[in-house]
2 protein chains.
Amino acid sequence: MVEAETPELVPQREVILRTAARLFREKGYERTTVRDLANAVGLQSGSLFHHFATKTEILAEVMKRGLDLASEQVADAIAAESTPDARLKAMFRSYLKALLSPECRDYMTVLLYDFRSLPPDLAREVHGYRTTQENRWRAVLRESLSDDWSDAEIRLVSQFVFGAMCWSLQWYNPSGTATLDELAEQFMQMAMSACRVNDCTREEAAKDRT
Amino acid sequence: MVEAETPELVPQREVILRTAARLFREKGYERTTVRDLANAVGLQSGSLFHHFATKTEILAEVMKRGLDLASEQVADAIAAESTPDARLKAMFRSYLKALLSPECRDYMTVLLYDFRSLPPDLAREVHGYRTTQENRWRAVLRESLSDDWSDAEIRLVSQFVFGAMCWSLQWYNPSGTATLDELAEQFMQMAMSACRVNDCTREEAAKDRT
DNA sequence: GTCTATAACCAGATAGAC
DNA sequence: GTCTATCTGGTTATAGAC
């Protein structure tokens, strides 16, 4: 049905989640009251609890939504490439672009900053979600790097490069001079070199051993 | 005086700040009550306000203390080296080691996560502190990279490599297998290669132009 | 599904005795 | 400097009418 595209028919639950992501990013989860959120979507505070049982449930949904949105974009970009090296480059490029895209940015920033506000059961759930994704991205790295890299080494490289990318949520300004595409290109190159030069180091070490 | 070294003579204000850093890191600033903090240092909640005017003042002090502690260690490490390249390597190594050191880690994590809880005036103050430091580190980068790098390019590289380092606060586990020295060495190498390979890219681009 | 009204609780900060 | 006692206001969540 075409009606599904009209803004008026976006389910109220979705509107609440989108608004929550924006407010949580701006003010932090703890400093955003259910009254703030309700008013921002044009409701009274009590009405929110018809859609969500607790405030923390909203938080967890925002985080999982962020992970879903980002992983979908990255998975699509990877699937479009046919060589390991091209897949790795596509992963880096699309990961940064997905993180900083207007659709994802609020959700992912909340995931980054407000993790400590989740109660233990929801924390486990979200953490599981996140781990699943990280393992997927590490598999792409593994595929492209030489065979003798240990799991620990792969993990270290991925912590370095994905850390650099995630950190962009701290400083990225959408109204800055560089376009998102340019930024993604340059970050991809730095990420590739962080991987490759580690390869060089290993080759030198191997030479030393012979 | 030797007495200054005995634990009993550490000023109460210091004890409060140290404890606050630890609690804020564990539970987040907003979820740590003044009662939690007071009890953790063996006081009643009202007594805290003899040492600090407001809860946010404690937060700002914790953040500035973290920046001071880290920058001191990095500055010392840089000062001990005599070539630009050695200074750059020393900066990367010491920055990671300082961030993750038991003395700094709590403070710096609070700076990272709880920035949004600062009222505007304190936010400006802490942000100024932070900018001053970042400019110092960028000067070390500039000194070691070829002359034709623009300010924007320097900024991008520093955002990448320092982002990767800061992100370690998210995942670093002091009781893990690798020592902090090993970790710092590997991160330093990846950071150096992210800088250098950007140099290679530029050389290729220069060749293309001729 | 949304509203109004409110329950039940907990927060930061203050005042004055010691 | 620390304590006790308390003020004031804000918080999540619920109940029942519409």
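Note that the coordinates shown come from a computational prediction; the quantities given were computed from them, not determined experimentally. Lettering follows sequence order; numbering is per chain, from 1.
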In terms of relative ring orientation, are A/W171 and A/F187 parallel, tilted or perpendicular, with 30° and 60° separating the classes?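 Tilted, since the angle between the ring planes falls between 30° and 60°.
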So, OP1 or OP2 of D/dG1: does either fall under 4.0 Å of a side-chain N or O from B/S47? no
Taking only the side-chain nitrogens and oxygens of B/Q44, find out if one of them lies under 4.0 Å from OP1 or OP2 of D/dA5. no
Length of the line joining [X]:[atom1] and [N]:[atom2], which is rounded to integer Å:
X     : N      : atom1 : atom2 : result
A/R31 : D/dT12 : CZ    : P     : 13 Å
B/L48 : C/dA15 : CG    : P     : 17 Å
B/I16 : D/dG1  : CD1   : P     : 10 Å
A/N39 : C/dT4  : CG    : C1'   : 14 Å
B/E14 : D/dG1  : CD    : P     : 14 Å
A/H50 : D/dC18 : NE2   : C1'   : 14 Å
B/L43 : D/dT4  : CG    : P     : 11 Å
A/L59 : D/dT12 : CG    : C1'   : 14 Å

For residues 46-79 of chain B, the ring pair (Phe, Tyr, Trp, His ring centres under 6.0 Å) pairs (sequence neighbours left out) are none
Could you work out, with side-chain contact (heavy atoms from CB on, under 4.5 Å) as the rule, every residue matching [X], not counting sequence neighbours?
X      : result
B/Q133 : B/L67, B/S71, B/R136, B/W137
B/K97  : B/L180, B/D181, B/A184
A/A20  : A/F24, A/L37, A/I58, A/V62
A/Q170 : A/Y113, A/W167, B/L112, B/R130

Under the ring-ring contact (aromatic ring centres under 6.0 Å, His included) test, residues paired with A/F92 that sit two or more places apart: none
Which angle, rounded to 10°, do you find between the first-five-pair axis and the last-five-pair axis of the helix from C/dG1-D/dC18 to C/dC18-D/dG1?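 Inter-axis angle at the ends, rounded: 10°.
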Which nucleotide wins on minimum distance to the side chain of B/H51, given the candidates D/dT4, D/dT2, C/dT2?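 From the listed options, D/dT2 comes nearest.
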Just jot down the salt bridge (Lys or Arg N to Asp or Glu O under 4.0 Å) partners of A/R35, sequence neighbours excluded, or say none.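 Once residues adjacent in sequence are excluded, A/R35 has no partner under the salt bridge (Lys or Arg N to Asp or Glu O under 4.0 Å) criterion.
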Would you please name every residue forming a salt bridge (Lys or Arg N to Asp or Glu O under 4.0 Å) with A/R155, sequence neighbours left out? none
Output every pair passing salt bridge (charged side-chain N to carboxylate O under 4.0 Å, His left out) with a member in residues 102-112 of chain A, not counting sequence neighbours, ordered by first then second residue. A/R25-A/D106
Using a 4.0 Å cut-off on heavy atoms, which residues in residues 109-123 of chain B reach DNA chain C? List them by number, or say none.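 Per residue number, the list is empty: none.
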Quick one, give me the B/S/- string for nucleotides 5-13 of chain C, reading 5' to 3', where B means a protein heavy atom under 4.0 Å from the base and S means that only happens at the primed atoms, P, OP1 or OP2. ------SBB
Is the shortest side-chain heavy-atom distance between A/Q12 and A/I16 below 4.5 Å? yes
